[in-house]
Visitor: 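What follows is a structure written as structure tokens; I'll ask about it next.
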Amino acid sequence: MSALVNLPIWQALEEHFNTASSAQMRDLFASDPDRFNKFSVQFDDILFDYSKNRITEETMALLIQLAQETDVTGWIERMFTGEKINHTEQRAVLHTALRNRSGKAVMLDGKDVMPDIQSVQQRMRKLTEAIRTRKWRGFTGQPITDIVSIGVGGSDLGPVMATEALKPFAIRDLGIHYVSNVDENHIWDTLEPLKPETTLFIIVSKSFTTQDTLVNANTARDWFLKTADNKKALAKHFVAVTDNVEASTEFGIDKKNVFKMWDWVGGRYSLWSAVGLSTAIAVGMDHFEEMLQGAHEMDEHFRTAPLEKNIPVIMALLGIWYNNFFKTQTYAVLPYDQHLRYLPAYLRQTDMESNGKRIDRQGELVGHSTGPVIFGQLGITGQHAFYQLMHQGTKLVPADIIAPASSNHGIRDHHSILMSNVFAQTEAFMKGKTEQEARAELEGEGLSADEIEKLLPYKIFPGNKPTSTILFKTLTPKTLGSLIAMYEHKIFVQGVIWNINSFDQWGVELGKQLAKTILPELDNNKKITSHDASTNGLINHYKKFRTDLEK
Ligand code: G6Q
């Protein structure tokens, strides 16, 4: 493939950008009363409104042509049909098979992967039901009251996000806890209030070699054995989710408690597998399967909808429009649903680990910008914190605003106040406040002409800040499944157009390797000189601080 930036369509987009980028969305709305209808798509209970973006029909036509010319449709089929598109690891990318509810086979190397997936799902159902109905008993005969899922990165962020998102569907009398940080405080704080007799650990590690997870798992086992004093009891309290069954049984986990995952599921795309076991225990397998159903329906939409009506494709193209033409560096994810509070952290990993790449599929340095810095938090708290920069700073920060139409409890006027903020922010980002409007406001406040002139520049909002709004009815398991799949596919389309492999993560390795070299150096009192001056200085000061603390 010739370099992306040399494609005629790319150059056409550059030219279009030169004329279109200065257009004001205010004017675009004023001149086209049908703009909202033109630039919004409804999928099931989700409305995707992208009309408050700096686009025209011509922009979208050119971007769709870019998707066509980079063969997005062909790549979608390659992914769904098990081609080894993760070429640096020679692996297929089949997280979509985990939520395939069509009854059709998914072939990989001449074998249908569905029977294995279904058998794990049946085992998940059995285990979740046994725990939820209190039939699963610990070594003293007591039922399980607390689940501790130990994992990190892709083996943690997905279930953490989904369990929180589906809180209204969760069983009330089970505590679900997550431990990911190797900092001892995380496991200490988590285990302190728990009782070994009533705690079940799920060790989630695809490789079962990740240091952080194994250190935490060993500490959990020690803590448990201090009370149980009996290795046989482990079978009632330890479960593993892994592709490395051998290592998990060596650790002491009973083979019948090991849930398989596969090398064709990337960690950050794995919440649909047994990696989501803690979520399934919390909400029950029926709800978990509804989440799979929602994702499957989004998969079908992605696979079959024409590009110009295809939500993940449109999201991806808008991201490229800002990232590569407006040269933005960041993208904000701003949920207004309290239960989606971990969504920005989840998407930060999925997006940045997938598209934070600089080498293309041919092994060459890319000649264009790739994945943006994803950041965000609950929109309502963001409004009182970093929205200032988005409204009046010098950087353009495109954003997704995600909000539910329903309220769970109907307490007072909480929900309408929340939603008035959603609509007000998207409007404010788009319209801003002109000099004329700011002046009229100050005059209305009765300020003197002199005071008005001094304050005026600070009171102007330039506006023209792009947002897409994702409005959904209620955060059901099905809607959550669709939302997450929508973002996964957006990331995939961007990776296709940028000509990078979104499914490897070699960049995670270097720090891990160096940590292994440094670990033995921390265990003695010798002065370290083998690194650069800063690293030596830090290690030696650390040792000195430790010695001081021991005095
Ligand atoms: C995700 C990444 C990474 C991974 C963790 C945990 O896509 O590969 O975040 O999930 O490093 O790995 P294990 O599951 O093998 O412990």
Side-chain angles (χ1 to χ4, degrees), residues 12-42 47-66 308-309 311 313-334 336 372 376 379 382-383 386-403 419-441 456-471 490:
L13 273 160
E14 296 267 20
E15 267 171 43
H16 172 68
F17 172 79
N18 290 336
T19 52
S21 58
S22 55
Q24 294 293 312
M25 283 190 274
R26 263 180 185 248
D27 301 336
L28 296 173
F29 272 100
S31 64
D32 184 0
D34 205 30
R35 186 172 168 88
F36 171 76
N37 291 327
K38 275 184 193 152
F39 297 128
S40 58
V41 185
Q42 185 158 355
L47 172 77
F48 174 58
D49 168 26
Y50 61 104
S51 58
K52 289 196 187 83
N53 278 285
R54 290 169 71 168
I55 51 165
T56 60
E57 282 172 277
E58 190 187 350
T59 320
M60 288 317 292
L62 289 168
L63 287 168
I64 294 291
Q65 199 183 329
L66 174 70
E308 59 280 6
K309 290 274 167 225
I311 300 178
V313 171
I314 297 168
M315 290 174 87
L317 292 172
L318 292 169
I320 287 177
W321 180 231
Y322 297 117
N323 188 73
N324 295 88
F325 297 93
F326 284 83
K327 312 281 187 215
T328 55
Q329 298 284 328
T330 57
Y331 202 100
V333 178
L334 308 169
Y336 277 75
Q383 281 176 215
F386 57 83
Y387 276 32
Q388 165 64 36
L389 181 148
M390 296 172 68
H391 280 294
Q392 287 189 311
T394 54
K395 295 178 175 61
L396 184 68
V397 183
D400 286 351
I401 288 187
I402 306 165
M419 291 308 293
S420 65
N421 276 277
V422 169
F423 303 129
Q425 286 296 333
T426 68
E427 190 175 31
F429 280 131
M430 186 272 283
K431 283 176 112 173
K433 194 186 282 174
T434 62
E435 183 178 336
Q436 213 180 4
E437 288 163 346
R439 185 182 295 280
E441 215 174 83
L456 193 58
Y458 304 99
K459 295 282 191 173
I460 294 167
F461 286 62
N464 223 15
K465 312 285 187 189
T467 57
S468 296
T469 304
I470 298 156
L471 186 68
K490 165 206 146 162

Visitor: Just wondering, do V397 and T328 contact through their side chains at under 4.5 Å, heavy atoms?
Guide: no
Visitor: Does Q392 reach the main-chain N or O of I460 with its side chain, forming a donor-acceptor pair under 3.5 Å?
Guide: yes
Visitor: Under a 4.5 Å cut-off applied to non-hydrogen side-chain atoms, are L28 and M430 in contact?
Guide: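 They are not in contact (no side-chain heavy atoms under 4.5 Å apart), so the answer is no.
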Visitor: Any carboxylate oxygen within less than 4.0 angstrom of a Lys/Arg side-chain nitrogen, looking at K38 and E57?
Guide: yes
Visitor: Are a donor atom and an acceptor atom from the side chains of T426 and K52 found within less than 3.5 Å of each other?
Guide: yes
Visitor: Please check: side-chain N/O of Q425 versus main-chain N/O of G379, any donor-acceptor pairing under 3.5 Å?
Guide: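 Not a single qualifying donor-acceptor pair exists.
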Visitor: Taking side chain as C-beta onward, heavy atoms only, is I401 less than 4.5 Å from V422?
Guide: yes
Visitor: Distance check, rounded to the nearest 0.5 Å: D34 atom CG versus S51 atom OG?
Guide: 10.5 Å
Visitor: Would you say that M25 contacts R54 through its side chain, given a criterion of any heavy-atom pair below 4.5 Å between the two side chains?
Guide: yes
Visitor: Would you indicate whether the side-chain heavy atoms of L47 and I470 approach each other to under 4.5 Å?
Guide: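 SC-SC contact between I470 and L47 ruled out.
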Visitor: Would you call the rings of W321 and F325 parallel, tilted or perpendicular, taking 30° and 60° as the class edges?
Guide: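 Geometry flag for F325 against W321: tilted rings.
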Visitor: Could you state the interatomic distance from OG (S21) to CG (N464), rounded to the nearest 0.5 Å?
Guide: 9.5 Å
Visitor: Counting distance only, does the side-chain N/O of N53 pair as donor-acceptor with the main-chain N or O of Y50 below 3.5 Å?
Guide: yes
Visitor: Between T330 and K395, does the side-chain contact (heavy atoms from CB on, under 4.5 Å) criterion hold? Intermediate values first, please.
Guide: CA-CA 9 Å; T330 57; K395 295 178 175 61; over 6 Å; no
Visitor: Out of curiosity, D49 CG to F36 CZ, how far, rounded to the nearest 0.5 Å?
Guide: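 That separation rounds to 5.0 Å.
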Visitor: Roughly how far apart are F39 CZ and L318 CG, rounded to 0.5 Å?
Guide: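 Between atom CZ of F39 and atom CG of L318 there are 9.5 Å.
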Visitor: For Q383 and H391, test the side chains for any donor-to-acceptor distance below 3.5 angstrom and give the result as yes or no.
Guide: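 No pair is found: no donor N or O on one side chain lies under 3.5 Å from an acceptor on the other.
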Visitor: Could you verify whether a donor N or O on one side chain and an acceptor N or O on the other, from N323 and Y331, lie under 3.5 Å apart?
Guide: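 Their side chains do not contain a donor-acceptor pair, so the 3.5 Å distance test is not met.
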Visitor: side-chain contact (heavy atoms from CB on, under 4.5 Å), that's the test. Do L317 and I64 meet it? Break it down for me.
Guide: CA-CA 8 Å; L317 292 172; I64 294 291; 3.8 Å; yes
Visitor: Any side-chain donor-acceptor pair under 3.5 Å between T467 and D400?
Guide: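 No donor-acceptor contact under 3.5 Å links the two side chains.
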Visitor: Rounded to the nearest 0.5 Å, how far does CD1 of I314 lie from CD of E308?
Guide: 8.0 Å
Visitor: If we only count heavy atoms from C-beta on, is the K465 to L396 side-chain gap below 4.5 Å?
Guide: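 They are in contact (side-chain heavy atoms under 4.5 Å apart), so the answer is yes.
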Visitor: Parallel under 30°, tilted from 30 to 60°, perpendicular over 60°: which one fits the rings of Y387 and F429?
Guide: tilted
Visitor: Test your reading of the model: is there a side-chain donor-acceptor pair from R26 to the backbone of K431, 3.5 Å cut-off?
Guide: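 It does hold such a pair.
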Visitor: What's the spacing between Q24 CD and T434 OG1 if we round to 0.5 Å?
Guide: 10.5 Å
Visitor: Taking side-chain contact (heavy atoms from CB on, under 4.5 Å) as the criterion, tell me which of N18, L62, I320, N324 meets it with L13.
Guide: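 Single pass found, and it is L62.
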Visitor: Within a radius of less than 6.0 Å around CD of Q329, do more than 12 heavy atoms belonging to other residues, nucleotides or ligands occur?
Guide: no
Visitor: Would you mind checking if E437 and K433 are paired as a salt bridge, meaning a charged N to carboxylate O distance below 4.0 Å?
Guide: no
Visitor: May I ask you to test the P466-P398 pair for a side-chain heavy-atom distance under 4.5 Å?
Guide: yes
Visitor: Please answer whether the main-chain N or O of E58 pairs with a side-chain N or O of T56 as donor and acceptor at a distance below 3.5 Å.
Guide: yes
